[in-house]
Amino acid sequence: MLSRSVVQALRFVEVISVLAAVCSVFAFWYVATTLCFFSCLPPRPPNIPAIPSVAKKFPKLKLVINHIAKPLIKDHVLDPWKEDIAKCAEFPNVYIKLSGMVTQADEASWTVEDMQPYASHVISKFSANRVMYGSDWPVCLLATDKYSKVHSAYHTLAVNAGCSDADLQRIFRGTALEFYGISAH
């Protein structure tokens, strides 16, 4: 059996390790902000609530949420994803990729209707100015035999969400060019 002092020492080491990890993370965000980096965020529902904290702490750091944060489309679950995404959208330095939905839906039988509530929510909260299309190729081929089906589905999702031609240009080209600092010329 470990003595009380050894247990206390181990707990102290554990606390120091956690503090060091937190400081390292904040140091990374600070350096990234200073150097005008951007960050692609891990797309998992448990990670979404942390995004507003980072966005608020580092308002000059551009963040992009990949794959609309991988909601549970196959199970038709919107909450708490829906509320968490809305909170992220409140920060102008947070963007989101319209991608990854076909592999989050039922890969064997997905439909545009299955994905529409998710796409519509993202577009309504972020607007075309902070939504960018992501191909998710070649992973998307797990859910279809042709990439053109995926691209067509995402285009339909954006149109069904009320996007104008100008909005479609932003989502499928302009937002990514701006976010990544790529010249169109």
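This chain uses plain numbering: 1 for the first residue, then up along the sequence. Everything numeric here is computed off the predicted structure, so don't read it as measured data.
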Which distance, rounded to the nearest 0.5 Å, do you find between the [atom1] of [X] and the [atom2] of [Y]?
X	Y	atom1	atom2	value
Lys97	Asn66	NZ	CG	4.5 Å
Thr144	His151	OG1	NE2	14.0 Å
Phe91	Phe126	CZ	CZ	10.5 Å
Leu142	Thr103	CG	OG1	7.0 Å
His67	Met101	NE2	CE	11.5 Å
Leu78	Ile85	CG	CD1	11.0 Å

Please find the pair of heavy atoms, one from [X] and one from [Y], that lie closest to each other, and give the distance.
X	Y	result
Ser109	Asp114	O-OD2, 4.0 Å
Leu168	Cys163	CD2-CB, 3.9 Å
Pro49	Pro52	O-CD, 3.4 Å
His121	Lys82	NE2-O, 2.8 Å
Ser135	Cys140	O-SG, 3.8 Å
Asn129	Glu178	O-OE2, 4.5 Å

Problem - ring pair (Phe, Tyr, Trp, His ring centres under 6.0 Å) partner of Tyr118, chosen from Trp81, Tyr154, Trp110 - result: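 Output: one option passes, namely Trp81.
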Test your reading of the model: is there a side-chain donor-acceptor pair from [X] to the backbone of [Y], 3.5 Å cut-off?
X	Y	value
Asn160	Leu157	no
Gln169	Gly174	no
Arg170	Val131	no
Thr175	Ala128	yes
Asn93	Leu61	yes
Asp75	Val77	no
Ser120	Gln116	yes

Can you confirm whether [X] is buried at [atom1], in the sense that more than 12 heavy atoms of other residues, nucleotides or ligands lie under 6.0 Å from that atom?
X	atom1	answer
Glu83	CD	yes
Asp165	CG	no
Lys149	NZ	yes

Exercise for the section: Could you give me the CA-CA distance, side-chain angles and deciding distance for Ser99 and Ile68, then say whether side-chain contact (heavy atoms from CB on, under 4.5 Å) is met? Expected result: CA-CA 6 Å; Ser99 65; Ile68 69 166; over 6 Å; no
Handout entry: Pair Ile65-Val94, side-chain contact (heavy atoms from CB on, under 4.5 Å): steps then yes or no
Key = CA-CA 7 Å; Ile65 301 168; Val94 179; 3.8 Å; yes
Give the cluster check for [X] versus [Y]: same hydrophobic cluster or not, with ILVMFWY residues linked at side-chain heavy-atom distances below 4.5 Å.
X	Y	answer
Leu177	Tyr180	yes
Val102	Val159	yes
Val139	Met132	no

Practice task
In sequence, state the C-alpha distance, the side-chain angles, and the governing distance for Glu107 and Lys74, and then conclude on salt bridge (charged side-chain N to carboxylate O under 4.0 Å, His left out).
Solution key: CA-CA 8 Å; Glu107 290 181 7; Lys74 183 177 182 177; over 6 Å; no
Exercise for the section: Name the orientation class of the two ring planes belonging to Tyr133 and Tyr147 (parallel below 30°, tilted from 30 to 60°, perpendicular beyond 60°). Expected result: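 Answer is tilted, since the angle falls between 30° and 60°.
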Practice task
Mind telling me whether His155 and Phe172 have parallel, tilted or perpendicular rings, with 30° and 60° as the class edges?
Solution key: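 Ring orientation of Phe172 relative to His155: tilted.
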Handout entry: Within 45° cone and under 6.0 Å: Lys62 NZ/CZ vs Phe179 ring
Key =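 Lys62 over Phe179 ring: yes.
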Exercise for the section: Considering only NZ, NE, NH1 and NH2 on the basic side and carboxylate oxygens on the acidic side, decide whether Lys125 and Glu90 come within less than 4.0 Å. Expected result: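 The answer is no: the pair does not qualify as a salt bridge.
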Handout entry: side-chain contact (heavy atoms from CB on, under 4.5 Å) between Cys88 and Ile48, intermediate numbers included
Key = CA-CA 8 Å; Cys88 293; Ile48 304 171; 3.6 Å; yes
